[in-house]
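Structure first, then comments.
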Amino acid sequence: MIDPFLNIKNYLLTVIPLTDLVGDRIYPATTHLNLPAGYSPVGVGSAVAFNIRGGGTDYTSIILEPSVQFQSFAATEKFAYDIDRALHDALQDKKNKFFKVCRREVLGTLLYTPPPTLWPYVLSFFEFRISNVEV
Amino acid sequence: MARTFKADGIEINFFTEEVILAVDKVVSDGLAEVALEIQGQAVLNIRSNNQIDTGFMMNSGYVLANNGTDTYSHLQTHGVYSGKSGDSQWRELADRADLPDGVEALVAFGANYAIYQEAAKPFLFKAANQVSGKVDGKFEVL
């Protein structure tokens with residue numbers, strides 16, 4: 001099986017409007033609970049963490065259909081939404097060599113990490129269709 | 001009211017509206033059952049994910065459905081609950097969600113922090129995936 005995390009990360013690293021906001025801080029298989037040690041939006045910079053929350057395959061087993069959650073971390077609420085909007089533009093209805101199509105499942109919701117950090121982040125979900133063939 | 005057609009000495013009664021109503025009721029009841037099963041599976045997932053402290057979130061699941069199912073009123077309300085370590089924790093129940101137009105049934109967890117737990121270790125989406133594998137037809141998972 002291919003590595004969907006790698007496909008998604010490699011694609012997002014090619015999206016300049018997104019990397020303009022978060023640099024290369026795109027963390028696969030990551031949630032607010034396992035961000036890289038020492039990470040903070042103010043000290044390190046804004047970031048996108050993403051994780052597969054479930055999904056399946058199509059009937060042929062050739063297409064993987066993961067539902068992926070994205071958490072856009074930033075120093076301010078507005079900046080977090082800016083990243084989420086950049087994600088939307090990067091993913092919605094897009095198809096490329098990394099995935100066959102992507103659709104947003106849920107619009108972004110503003111949340112905060114648990115105390116004591118209370119960093120703002122926008123939580124959103126996208127469903128991908130990814131060919132189970134190495135690119 | 002049946003529509004009756006007669007031809008060549010044969011009488012045929014069509015109970016179309018009655019059949020549609022009966023099917024609608026069966027579908028509505030069936031989807032409510034599916035929603036209740038998802039809620040039950042989500043509780044099992046919360047246990048297996050080790051996401052229990054006071055148990056408030058685990059017991060805050062409810063189902064709304066177009067057939068009249070509404071289990072929100074059975075939930076514990078906000079208040080102070082004892083955690084595993086014996087400390088007291090304030091727990092808050094969010095308002096009852098509305099059943100959106102066009103949606104037959106809804107499963108929600110009312111603990112106001114459930115979204116954080118779901119984002120960290122999905123228990124509800126996973127439950128929907130698990131149950132959808134057991135039932136025919138499609139339903140929307142958000």
Side-chain angles (χ1 to χ4, degrees), chain A residues 4-5 27-36 39 47-59 61 63-73 80 83-84 87 102-129, chain B residues 34 37-39 41-42 44-46 48-54 56-57 83 85 87-92 94-95 97-98 100 102-103 106-142:
Chain A
F5 289 115
Y27 304 131
T30 302
T31 75
H32 60 281
L33 293 185
N34 64 334
L35 287 160
Y39 174 80
V48 171
F50 68 97
N51 194 34
I52 295 173
R53 62 171 178 157
T57 66
D58 78 337
Y59 70 96
S61 297
I63 306 296
L64 307 178
E65 298 174 327
S67 173
V68 182
Q69 76 172 21
F70 289 85
Q71 290 170 292
S72 300
F73 296 92
I83 299 167
D84 186 68
L87 270 176
C102 177
R103 291 281 297 171
R104 189 188 270 276
E105 292 178 307
V106 181
L107 286 172
T109 303
L110 179 66
L111 294 169
Y112 296 86
T113 54
T117 52
L118 293 173
W119 301 326
Y121 68 92
V122 172
L123 175 69
S124 58
F125 302 94
F126 291 83
E127 184 183 47
F128 289 76
R129 289 175 186 269
Chain B
V34 169
E37 187 167 348
I38 291 171
Q39 182 196 332
Q41 183 62 54
L44 295 176
N45 293 343
I46 289 170
S48 60
N49 284 353
N50 195 21
Q51 291 171 296
I52 302 172
D53 184 19
T54 64
F56 182 78
M57 181 181 80
S85 57
D87 54 339
S88 295
Q89 304 276 350
W90 175 257
R91 292 291 186 257
E92 200 155 319
D95 291 341
D98 291 326
V103 173
L106 176 149
V107 187
F109 278 75
N112 69 343
Y113 55 94
I115 183 68
Y116 300 100
Q117 291 294 326
E118 173 72 8
K121 292 181 182 175
F123 57 88
L124 183 54
F125 188 85
K126 182 179 176 183
N129 277 172
Q130 289 165 307
V131 174
S132 73
K134 299 179 190 172
V135 297
D136 290 333
K138 297 271 286 181
F139 58 89
E140 193 172 13
V141 180
L142 294 177

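Every chain is numbered from 1 and lettered A, B, ... according to where its sequence line falls, protein lines coming before strand lines. Worth saying up front: this structure is predicted, and the values here are computed from it rather than measured.
Proximity to chain B is limited to the side chain of A/Q71, based on heavy atoms less than 4.5 angstrom apart.
No side-chain donor-acceptor contact under 3.5 Å links B/N129 to the backbone of A/G54.
We find the CD-CZ distance between A/E105 and B/F125 to be 5.5 Å, quoted to the nearest 0.5 Å.
Your options are A/L123, A/L111, A/N34, A/L33, and the one with the most heavy-atom pairs under 4.5 Å with chain B is A/L111.
Shortest non-hydrogen contact noted between B/Y116 and A/Y121 is CD2-OH, 3.6 Å. Here the closest heavy-atom approach between residue B/E118 and residue A/Q69 is recorded as O-OE1, 4.4 Å.
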